[in-house]
Amino acid sequence: MNKDVIVTKNISKTYGKGDVKVHALRRTSINITLGDYIAIIGPSGSGKSTFMNLIGCLDKPSSGKLFIDGTDVSQLNENQLATIRREKIGFIFQKYNLIPTLNALENVSLSMSFAGVKNKERLKRAEKLLGMVDLSKRMLHKPSELSGGEQQRVAIARALSNDPSIILADEPTGNVDTKSGSRIMGILEDINNKGETVITVTHDPNIAKRAKRILKIQDGVVSEENA
Amino acid sequence: MLKDNFNLAYKNIRERMSRSILTLLGIAIGIMAITSLMAIGEGMQDAVTGELSSLSDTIIVTTGEGISTSSMGMGGGISLSEDNGEYLTERDIADIQRIHGVKDVNTQLSSIGIARYNGEDVSVYIIGMETEPMELKYGLEDIESGSLLKEGDKNKIVIGYDVAHEYFDTDVYIGGRIKINGKKFVVNGIFAKQGGGSISPTSNVILLTLGDFKKLTGESNIRSATVKVYDIDEVDSIAEKIEQEINENHGEDDYATATTMSSILESIQSVIGIMQMVLLAIASIALVVASIGIMNTMLTSVMERTHDIGIMKAIGATNKDVMLIFIIEGILVSVVGGTFGILFGIFGSQAISALMARSGMGGGITLIPVITMTSVGLAVGVSILVGILSSLYPAWKAARMSPIEAVRYE
């Protein structure tokens, strides 16, 4: 039995107060184990982003408890959350979100610099990761000089840089063509096969089908769908 | 970590080159103003100190309030107070001479006279003194042409530069004849052009032997005496004794004032010091404006990079990390600006002093701007401080952004 990397106990998230109170996420309890490959689906406005922000430690639940790798993060302050994000979570965004002034190599090593990894070691690791996503020859290019698919692969390398236990991918193929999209999904699956937990938000039923588990979110309620 | 911050800051500055240069220029101008003013202030101190410290064994004894100093004419001038009708007597001079440690006492008599040349009348300041102290007081460099008076000279005068070249329609030359109070004198020497900082102004003076002066005016009013001492360390105590002696002679508490050169130096330096502070305060305004410029640029930069800040926070940057990035950017801009400012300041102060020398401002004192390590250190320190202070608020604003909203911001 694999250990749980994410455990939510009755977490909910509400915005506003009184009449304008919005229940973005209602009492949700799920367990995600190490090595899981999860697809999160649901229409827009369903609470997908809220759920992702919570398990990505970008936001705190209004009530309930959330454990990441055994740590209760619902009580942590901003800086402690930043540390959890840095050490436990790798983000991949729909719009790549690379720093435009830095080249691919520097983008990948940036989060390692926040973790205090030494420069030499960082560059070595960044080169290795960029090699893994097949970008060894484009390391010194800036995001504006790379295609969408290439930028997303840099983002994957960046997400892996601090050796996280969870990869959170928010519509990773949403902005790239089909061919690049399947290549990116292939990389994510490779990562998963190596034992990494991968959680991806998607609209594409074909991508969802490739996951081991599917979580469907509707009106702030999370339910398991049989894959 | 720090190296990465520098890298990030550098990349960002380069990305917004023209804006960064303008911000940098603001700081450079502020630091330039401070550096050059400090250099000129230091130079001024040095020039005045150099001029006066050679006279540190000298005490000037006068009646009344004594010597007044002023900052007029940049170099700080010295002048005798108004003639108050009180004079030193021969007995006073003899008493001074007897004080232990006094090397010698020179007196000079002075009066106002009417000088006539080629039918033109002007009012001049006439001084009578023995030929021996005359030689001690004035050197070769003080004389433009001709020579000083010798023992036994009669009806000969030495005239000031302005008397020779400015006072009359035609210039006066050696051998020229000037009537003073109706009596004829021959010009034996002409004083050289002189700066405002001199302790014995000569430009509007006519110098006579003591004998001629007494015959001419019938006066023997001693307004001042110049005392030299053997030991510089005793100069203050001797000055005190001189005042005591003379005040006793006249039965009056504040009859005479003995002023040492070091006290004159001190008061001039304090005047220059105050002037420097005022100039620095004015220069600081430029710096305040420049730091507002940095703050403005940084705030714009924070706004523009909201999205980047969100990404950095999402991938694990703490608030401190984000703050540091912006503070280092602020420091980088102001230190680079400050470095240019120091260089501009060095050249600028040279230019100002060259300009001053050419225009004749600052009198004969050659003002060499002095860049000290202290002023360079201060300028660097101030630029770092300005960088930190002006980027603190933008950095704080950047740090407290919510990563979710910042990432979403396009």
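Letters A, B, ... are given to chains in the order of the sequence lines, protein chains preceding strands, and every chain is numbered from 1. Everything numeric in this text was worked out from a predicted model, so none of it was measured.
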Residues of residues 90-99 of chain A with any heavy atom under 4.5 Å of a heavy atom in chain B:
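Result: A/F91, A/F93, A/K95, A/N97, A/L98, A/I99.
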
Please evaluate residues A/N53 and A/T50 with respect to the criterion side-chain hydrogen bond (donor to acceptor under 3.5 Å, both in side chains), reporting the C-alpha separation (whole Å), side-chain torsions for both, the decisive distance (0.1 Å), and the verdict.
CA-CA 5 Å; A/N53 286 342; A/T50 305; 5.7 Å; no

Ionic contact status for [Y] with [X], cut-off 4.0 Å:
{"X": "A/K3", "Y": "A/D69", "answer": "yes"}
{"X": "B/K313", "Y": "A/E78", "answer": "yes"}
{"X": "B/R16", "Y": "B/E329", "answer": "no"}

Check whether [X] reaches the backbone of [Y] with its side chain - one donor and one acceptor, N or O, closer than 3.5 Å.
{"X": "B/N296", "Y": "B/G293", "answer": "no"}
{"X": "B/S334", "Y": "B/S383", "answer": "yes"}
{"X": "A/R158", "Y": "A/N107", "answer": "no"}
{"X": "A/N192", "Y": "A/G35", "answer": "yes"}

Let's test your reading of the structure: which of B/I311, B/N319, B/L8 forms the most heavy-atom pairs below 4.5 Å with chain A?
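Option with the greatest count: B/I311.
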
Pick one of side chain, backbone, both or neither for A/E106, based on which atoms fall under 4.5 Å of a heavy atom in chain B.
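Contact with chain B is through the side chain of A/E106 alone.
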
Interface moiety of A/K88 toward chain B, non-hydrogen atoms closer than 4.5 Å
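The answer is neither part of A/K88.
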
Side chains of A/S12 and A/S63: any donor to acceptor distance under 3.5 Å?
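Yes.
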
Let me know which of B/M44, B/Q45, B/E42 forms a side-chain contact (heavy atoms from CB on, under 4.5 Å) with B/V370.
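Going through the options one by one, the only one that passes is B/E42.
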
I would like to know whether A/F51 and A/I30 meet side chain to side chain contact (heavy atoms under 4.5 Å, CB included); could you show each step before the answer?
CA-CA 11 Å; A/F51 186 63; A/I30 53 153; 3.4 Å; yes

Contacting moiety of B/R305, where chain A heavy atoms sit under 4.5 Å
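No part of B/R305 comes within 4.5 Å of chain A.
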
Under 4.5 Å from any heavy atom of chain A, what part of B/I315 do you find: side chain, backbone, both or neither?
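The answer is both parts of B/I315.
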
Are the side chains of A/M185 and A/P172 in touch, meaning some heavy atoms are under 4.5 Å apart?
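Yes, close enough: below the 4.5 Å cut-off.
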
Sort by residue number and list every residue of residues 21-31 of chain B having at least one heavy atom under 4.5 Å from chain A.
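Answer by number: none.
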
